[in-house]
Amino acid sequence: MQEIAALKKDRNAVVLAHTYQRGEVQDCADFVGDSYGLSVAARKVDARAIVFCGVRFMAETAAILNPSRPVILPEPQAGCPMADMITPGELQGLKARHPGHLVMCYVNSTAEIKALSDVCCTSSNAELIASRLPEGRGIIFVPDQHLGSWVQERTGREVVLWNGLCPTHLRITPEDVRAARRAHPGADVLMHPEVPRECRALADAVLSTGGMCDHVASSSKDEFVIATENGILHTLRKQNPGKRFHAVADDALCPNMKRGTLRSLRDALAGTGGERIEVKGEVAGKALRALEAMLRLGA
Ligand code: 13P
Ligand code: SF4
């Protein structure tokens with residue numbers, strides 16, 4: 001930890017970490033947050049470098065939003081399977097089949113997919129952004145079918161879904177929720193919208209990871225069952241020492257988020273590991289337009 005603090009200072013680097021990172025990695029970060037909060041933070045960084053403890057699409061987003069700063073991903077193999085579940089050709093096909101629809105893409109997507117989209121969203125602002133799109137226009141939502149169906153349910157908009165999903169959130173089942181309720185009858189169940197619909201119907205609140213942090217901080221309840229990737233339990237416990245948190249499923253772990261370690265963070269800061277993530281040319285320019293539309297509509 002001390003070595004990491006010294007390297008950060010030497011290099012004048014800022015460390016950003018998603019709430020799904022290991023606790024010890026979160027503890028070394030200058031900012032811990034959800035995808036939206038991290039995008040906003042990345043845009044404002046004026047340190048010499050950004051070390052992004054998360055998965056590739058997040059580092060790509062930071063590089064697009066703040067091209068003047070090198071963005072280093074400590075674990076180059078840390079991808080997001082959902083982001084790879086749609087190709088540019090498949091999205092072009094959807095657009096051709098639904099001319100006149102607007103394309104809304106979850107930030108959990110590649111830069112090429114963002115470049116083909118009208119607006120990006122995160123799980124914290126998807127509903128708001130969809131409700132602000134011009135009335136009468138259908139929406140093509142990619143790649144997550146579950147967040148897309150959540151947007152459809154909440155806004156009543158016409159939404160064309162793609163078949164992407166998150167393998168980690170798919171592990172959370174209705175039986176897990178029922179068992180957690182039996183074990184912790186006084187707790188509120190907070191669930192991420194990437195969880196399938198039949199399970200979401202059993203939650204007390206459906207929230208992004210940032211939404212969960214805000215909800216817990218302002219709630220009069222003191223016990224919660226958390227139905228998302230379990231890294232966030234560390235964040236919640238640290239932010240709310242008087243409250244109790246239980247994971248709905250012990251195996252709700254994202255193997256890609258869990259690749260990040262103190263060692264890879266140290267190596268990235270020392271310049272002996274990690275990968276500089278850059279997005280260039282037309283793709284960067286078009287993806288930036290979709291991200292800026294998100295920041296405008298989703299704030
Ligand atoms: P958030 O948008 O809540 O940060 O979630 C990102 C993610 O990867 C969820 O699996
Ligand atoms: Fe991707 Fe799911 Fe991991 Fe989030 S939790 S980064 S959506 S695989």
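Both counts, for ligands and for their atoms, begin at 1 and track the order of listing. Note that the numbering runs from 1 along the sequence shown for the chain.
Shown in contact with E194 at under 4.0 Å from a heavy atom are these atoms of ligand 2, numbered in order with element: 2 (Fe), 7 (S). Under a 4.0 Å criterion applied to the non-hydrogen atoms of E194, ligand 1 contributes the atoms 7 (C), 9 (C), 10 (O). Atoms of ligand 1 found under 4.0 Å from any heavy atom of H192 (numbered from 1 in listed order, with element): 1 (P), 3 (O), 5 (O), 9 (C). Counting the atoms of ligand 1 from 1 in the order shown, those under 4.0 Å from a heavy atom of D34 are 4 (O). Proximity to H169 (heavy-atom distance under 4.0 Å) selects the following atoms of ligand 1: 10 (O). Those atoms of ligand 1 that come under 4.0 Å of a heavy atom in H18, given as number and element, are 1 (P), 4 (O), 5 (O), 6 (C).
For the residue pair H192/T209, the side-chain donor-acceptor check at 3.5 Å is not satisfied. At a cut-off of 3.5 Å, with distance as the only test, no side-chain donor of H18 or Q26 sits close to an acceptor on the other residue.
Look at K8 and D30 and you find a salt bridge, because one of the NZ, NE, NH1 or NH2 atoms lies within 4.0 Å of a carboxylate O, short of that distance. Of the charged side-chain nitrogens involved, none lies within less than 4.0 Å of a carboxylate oxygen, so that R171 and E229 do not count as a salt-bridged pair. Look at R289 and D118 and you find no salt bridge, because none of the NZ, NE, NH1 or NH2 atoms lies under 4.0 Å from a carboxylate O. D84 has no carboxylate O lying under 4.0 Å from a charged side-chain N of R56, or vice versa, which leaves the two without a salt bridge. Remark: E135 does not engage R157 in a salt bridge, criterion side-chain N to carboxylate O under 4.0 Å. With respect to the salt-bridge test (charged N to carboxylate O, under 4.0 angstrom), the residues D188 and K221 qualify.
Between N108 and ligand 1, a contact under 3.5 Å exists for at least one N or O pair. Backbone and side-chain nitrogen or oxygen atoms of S124 are examined, and none is located within less than 3.5 angstrom of a nitrogen or oxygen of ligand 1. Below 3.5 Å of separation, one finds no N or O of S208 facing any N or O of ligand 1. The shortest N/O to N/O separation between T209 and ligand 1 falls below 3.5 Å.
Between Y20 and H169, the ring planes lie tilted relative to each other; the angle falls in the 30° to 60° range.
Within the 4.0 Å heavy-atom criterion, neither part of E229 lies near ligand 1. In V107, neither the side chain nor the backbone holds a heavy atom less than 4.0 Å from any atom of ligand 1. The part of Y20 lying near ligand 1 is the side chain, judged by heavy-atom distances below 4.0 Å.
Residues L295 and L65 have side chains in contact (heavy-atom distance under 4.5 Å, counting atoms from C-beta outward). Using a 4.5 Å heavy-atom threshold, the side chains of P193 and V195 count as separate.
For a distance threshold of 2.8 Å, the protein N, O or S atoms nearer than that to atom 1 (Fe) of ligand 2, listed by chain and number, are C80 SG.
When the shell of 6.0 Å around NZ of K286 is examined, it contains 12 or fewer heavy atoms from other residues, nucleotides or ligands. Around atom CG of D10, more than 12 heavy atoms belonging to other residues, nucleotides or ligands sit under 6.0 Å away.
Here the heavy atom of the protein found nearest to atom 2 (O) of ligand 1 is S123 OG, 2.8 Å. The nearest heavy-atom contact from the protein to atom 6 (C) of ligand 1 is S35 OG, 3.3 Å.
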